[in-house]
Amino acid sequence: MTPDPKARLADALRAALAAQAPELAGTPVTFEKPRQPEHGDFACSIALQLAKQLKRNPRQLAEALTEAALAGYPEFTQSFAGYEIAGPGFINFRLRPQVKLAAIRLALEPGWGRARKEKPACVQVEFVSANPTGPLHVGHGRQAAIGDALSAILEACGDKVTREFYYNDAGAQIQNLALSVQARARGTKPGDQDWPQDGYAGEYIVDIARTYNGAVEDLDAIRRFAVDYLRKEQDIDLREFGVKFDVYYLESSLYAEGKVVEVVKALIASGKTYEKDGALWLRTTAYGDDKDRVVRKSDGTYTYFVPDVAYHVTKWRRGFRKVINIQGSDHFGTTARVRAGLQALDLGVPPGYPDYVLHSMVRVMRGGEEVKISKRAGSYVTLRDLLDWAGRDAVRFFLLSRKADADFVFDIDLARAQTEENPVYYVQYAHARVCSVFAKTESAGLERAELAHLTNPRELELAQRIGEFPGVVAEAARELSPHSITFYLRSLAADFHSYYNAERILVDDEALRTARLALCAAVRQTLASGLSLIGVSAPEKM
RNA sequence: GCGCCCGUAGCUCAGCGGAUCAGAGUAUUGGCCUCCGAAGCCAAGGGUCGUGGGUUCGAAUCCCGCCGGGCGCGCCA
């Protein structure tokens, strides 16, 4: 494996800095990719950052540092075409073409875009976690898209990922569900005298009641039936969305296995609780929460805070040292208290555990108007609605085309557009186009292609873009930002379409043709890898 | 009232712990198929990066105030 020239250069610059200014040796040496191609392939601004502290002219400092760095990096000219000091003191470096083209060969090897780690981290991603009280809504869809993509990205980075779904099947809302179904089974409607307070009014309750054929008085049986019914229905939607979970964790098991009581005891034993107004409180303010939280209400029951903490204790005990919870931003309030609860237990859990990705709300637009209800659920738009309207690929791609904390407007009409301006097709089309080229020719022997025949600026740019892929994946994992994969794929597709229109792939010159085919194969591989990370198909024909 | 997030072209949004004339898609306008797929390409117009200060050699990016929007602040789940 040849060392990455960029990393090698950074090392050399660090060494030069340490020699010339030991007191500032800790300054990080970073590179930026200039917007203008005339400014080289990457630029370093270290001289500008340090000039003032060293009381030196930035351009002279840049020159001195670079010369010293190159003296310690004799192979520089093998990878680099040169450098220049530009503007106020930037150092712009230019790579030799073969360095950029090397990415093509890497992309054609198995496992492109996937890193291997000596010690894979055990990561858990918890997402969707919808209560089994109704169909999944668009927010769950966003969580499913984000969570599944993030899981795939972390796996690509070499971690071992468990996708987990937590079912709140033990609370008052389940009782509410059972009562609603029972009421419907008795022919009661929302608004009637006997309709339960806060009952679920959606049409799906009628379906459940109709399907249930047990005794109407047996509330327990109704509860089990309804939960089972809705879980199955949610599973169908998730399967259609292409999302699979490794573990379904039931809140009720926390009670059944005594884990809730165990946490309460441990909290009391920690000495961080106190009695007030007949309730038991935990001093979460000692760990960054803005107010203390009730653990046990004055009526003797526990607040939901307790099973939440108990659940996260099991995550830690099951060996997950990194846990990412994907939730709507309306769960913001729980983050501080869950973390505080874990800290109070003093289990050695780091203060920032677990990580949260909170996403903002999704608004659905159709025909220029906001859609707020669905037939089945009544009060909200369901994931099924989205899938029926736009299909899995478009829904997945759209839900990952914004960063999580940005507001989201889902334009159904755009996602439905099959022939025009739909961004999903833009990327998929690029993949299908490459495939169609290979349908017309032999694709054997690409590993022996002489890449030096690729001298066109578009080809170098495309090769360089392909080379960025592993870094993009790594950053998406680090920043927990799967949307950057989507944006990368759009850029890659744009570069390819542009190239494809400007140059012919299947030229008569065999050496050039083979080199271009190798480039195309690398594009195809990178598009397919990236699309699979976000759960979107890579069709060979459209 | 307090906390967190958001405010970038008509619209939907990128912009990694700062960088050398602000980006993409879409919409609008004008070009490109006897030639590997035109679900594509090329080009043009369009923005005081909410606003006022501050720090800096340099601010969409960092800090403070203000305006506008979202979410959260229960012995509810």
Side-chain angles (χ1 to χ4, degrees), chain A residues 28 30 32-36 38-39 43-45 48-49 51-52 58 86-90 92 131 133 168 170-174 176 198 251 276-281 289-291 293-305 307-308 328-336 358-361 365 398 401-411 414 417-430 432-441 471-472 475-476 478-479 481 483-484 486-487 490-491 493-494 496-507 516 520 541-542:
Chain A
T30 56
E32 286 91 39
K33 189 183 176 186
R35 286 200 180 83
Q36 273 82 9
E38 313 86 76
H39 292 138
C44 182
S45 62
L48 283 163
Q49 291 172 47
K52 190 165 192 185
F90 295 99
N92 297 336
N131 296 342
T133 54
N168 288 91
Q173 77 278 28
I174 296 294
N176 209 356
D198 303 321
E251 182 188 7
K276 195 181 92 181
D277 304 333
L280 183 70
W281 297 69
D289 204 357
D290 53 357
K291 53 184 77 167
R293 302 293 163 181
V294 170
V295 172
R296 191 181 57 225
K297 297 184 262 183
S298 50
D299 66 4
T301 61
Y302 302 123
T303 58
Y304 67 99
F305 164 72
D308 271 359
S329 60
D330 54 336
H331 286 74
F332 172 73
T334 67
T335 65
L358 301 180
H359 68 83
S360 61
M361 296 297 113
M365 301 291 286
F398 268 62
S401 59
R402 310 271 182 275
K403 62 186 173 202
D405 52 9
D407 289 332
F408 191 105
V409 179
F410 194 115
D411 185 339
L414 182 60
Q418 302 245 334
T419 50
E420 295 167 34
E421 65 277 7
N422 194 330
V424 188
Y425 293 102
Y426 186 79
V427 175
Q428 291 184 319
Y429 181 55
R433 257 184 156 177
V434 185
C435 291
S436 76
V437 173
F438 283 102
K440 289 182 166 54
T441 186
V472 170
E475 190 190 296
R478 196 172 53 245
E479 303 288 326
S481 62
H483 76 279
S484 52
T486 308
F487 280 88
R490 241 192 277 195
S491 312
F496 175 73
H497 283 309
S498 178
Y499 172 59
Y500 185 88
N501 267 272
E503 302 294 336
R504 212 182 146 72
I505 311 298
L506 300 175
V507 291
R516 286 185 171 172
C520 287
K541 284 183 185 168
M542 299 172 63

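Note that the structure is predicted; figures quoted are calculated from it, not measured.
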Looking only at side-chain atoms of A/S498, point me to the closest of B/G37, B/U20, B/C41.
-> B/C41
Ignoring backbone atoms, test whether A/S436 places a side-chain nitrogen or oxygen under 4.0 Å from the OP1 or OP2 oxygen of B/G37.
-> yes
Quantified in whole Å, what is the C1' atom distance between nucleotide B/G45 and nucleotide B/U28?
-> 9 Å
Mind checking A/A43 for me? I need base, sugar-phosphate or nothing, with any heavy atom below 4.0 Å counting as a touch.
-> base
Between A/T441 and A/F438, is there a donor-acceptor pair closer than 3.5 Å when you use the side chain of the first and the backbone of the second?
-> no
Please give, in whole Å, the distance from B/G37 P to A/Y499 OH?
-> 15 Å
d(CZ, A/F438; C1', B/C36) in whole Å | 11 Å
A/Y426 side chain N/O closer than 4.0 Å to the phosphate oxygens (OP1, OP2) of B/C41?
-> yes
Look only at the side chain of A/T303 and the backbone of A/V294, and say whether a donor-acceptor pair between them is shorter than 3.5 Å.
-> yes
Given the P atoms of B/U8 and B/G50, what is the spacing between them in whole Å?
-> 6 Å
P spacing across the pair B/C49 / B/A9, given as an integer number of angstrom = 10 Å
P atom, B/G17 versus B/U61: distance in rounded Å?
-> 12 Å
Counting only N and O atoms by type, is there a donor-acceptor contact under 3.5 Å from the side chain of A/D277 to the main-chain atoms of A/A279?
-> no
Send over the distance from A/Q49 CD to B/C62 P, rounded to a whole Å.
-> 16 Å
When we call it a touch if two heavy atoms are under 4.0 Å apart, what does A/F408 touch: a base, just sugar-phosphate, or nothing?
-> sugar-phosphate
Look at the aromatic rings of A/Y500 and A/F496 and report parallel, tilted or perpendicular, splitting at 30° and 60°.
-> tilted
Would you indicate what A/Q428 reaches in the nucleic acid, counting non-hydrogen atoms under 4.0 angstrom: base, sugar-phosphate, or nothing?
-> nothing
For A/F305, check ring-ring contact (aromatic ring centres under 6.0 Å, His included) against everything at least two apart and list the hits.
-> none
If only atom types and distance count, is the side chain of A/S360 paired as donor or acceptor with the main-chain N or O of A/A406 below 3.5 Å?
-> yes
In whole Å, what separates the P atom of B/G68 from that of B/G25?
-> 35 Å
Span that lies between the C1' atom of B/C75 and that of B/C4, in whole angstrom | 25 Å
What is the nucleic acid contact for A/A432, judged by heavy atoms within less than 4.0 Å: base, sugar-phosphate only, or nothing?
-> base
Taking only the side-chain nitrogens and oxygens of A/Y429, find out if one of them lies under 4.0 Å from OP1 or OP2 of B/A39.
-> yes
Name the nucleic acid region contacted by A/N176, choosing base, sugar-phosphate or nothing; use a 4.0 angstrom heavy-atom cut-off, strictly under.
-> nothing
Taking atom C1' in both B/G46 and B/G30, what distance in whole Å separates the two?
-> 16 Å
List in chain and number order the residues that pass side-chain hydrogen bond (donor to acceptor under 3.5 Å, both in side chains) with A/S491, two or more places apart in sequence or in another chain; answer none if no residue qualifies.
-> none
Does one side chain, of A/N131 or A/T133, offer a donor that lies under 3.5 Å from an acceptor on the other?
-> no
Nearest of B/C41, B/A39, B/C13 to any side-chain atom of A/R402?
-> B/C13
Among the nucleotides B/C36, B/A19, B/G40, which one has an atom lying closest to any side-chain atom of A/L48?
-> B/A19
Donor-acceptor under 3.5 Å (A/W281 side chain, A/K276 main chain) = yes
For the atom pair CZ (A/F332) and OG1 (A/T334), what is the distance rounded to the nearest 0.5 Å?
-> 9.5 Å
Base versus backbone protein contacts along nucleotides 69-77 of chain B [heavy-atom cut-off under 4.0 Å; B, S, -] = --SSSSBSB
Under 4.0 Å between any heavy atoms, over every strand shown, what does A/F487 touch: base, sugar-phosphate, or nothing? Just pick one.
-> sugar-phosphate
Parallel, tilted or perpendicular for A/F410 and A/F398, by the 30°/60° rule?
-> tilted
Mind calculating the distance between OH (A/Y425) and P (B/U26) to the nearest angstrom?
-> 15 Å
Pairwise N/O distances under 3.5 Å, protein to nucleotides 30-35 of chain B:
| unit_1 | atom_1 | unit_2 | atom_2 | d |
| --- | --- | --- | --- | --- |
| B/C35 | O2' | A/R504 | NH1 | 2.6 |

Under the 6.0 Å and 45° cation-pi test, does A/R402 pair with A/F408?
-> yes
Provide, to the nearest angstrom, the distance between the NE2 atom belonging to A/H497 and the P atom belonging to B/G37.
-> 13 Å
B/C33: syn or anti, with syn meaning chi within 90° of zero?
-> syn
Proximal nucleotide (of B/A19, B/G40, B/U20) relative to the A/A86 side chain = B/U20
Checking side chain to side chain contact (heavy atoms under 4.5 Å, CB included) for the pair A/H497/A/Y426: CA distance, chi angles, key distance, verdict?
-> CA-CA 9 Å; A/H497 283 309; A/Y426 186 79; 3.6 Å; yes
Stems in RNA chain B: runs of 3 or more consecutive Watson-Crick or G-U pairs, distances under 3.5 Å?
-> B:1-7 with B:67-73, B:10-13 with B:23-26, B:28-32 with B:40-44, B:50-54 with B:62-66
Grab the N/O contacts between the protein and nucleotides 15-17 of chain B below 3.5 Å, and write none if there aren't any.
| unit_1 | atom_1 | unit_2 | atom_2 | d |
| --- | --- | --- | --- | --- |
| B/G15 | OP1 | A/H483 | NE2 | 3.4 |
| B/G15 | OP2 | A/K403 | NZ | 3.4 |

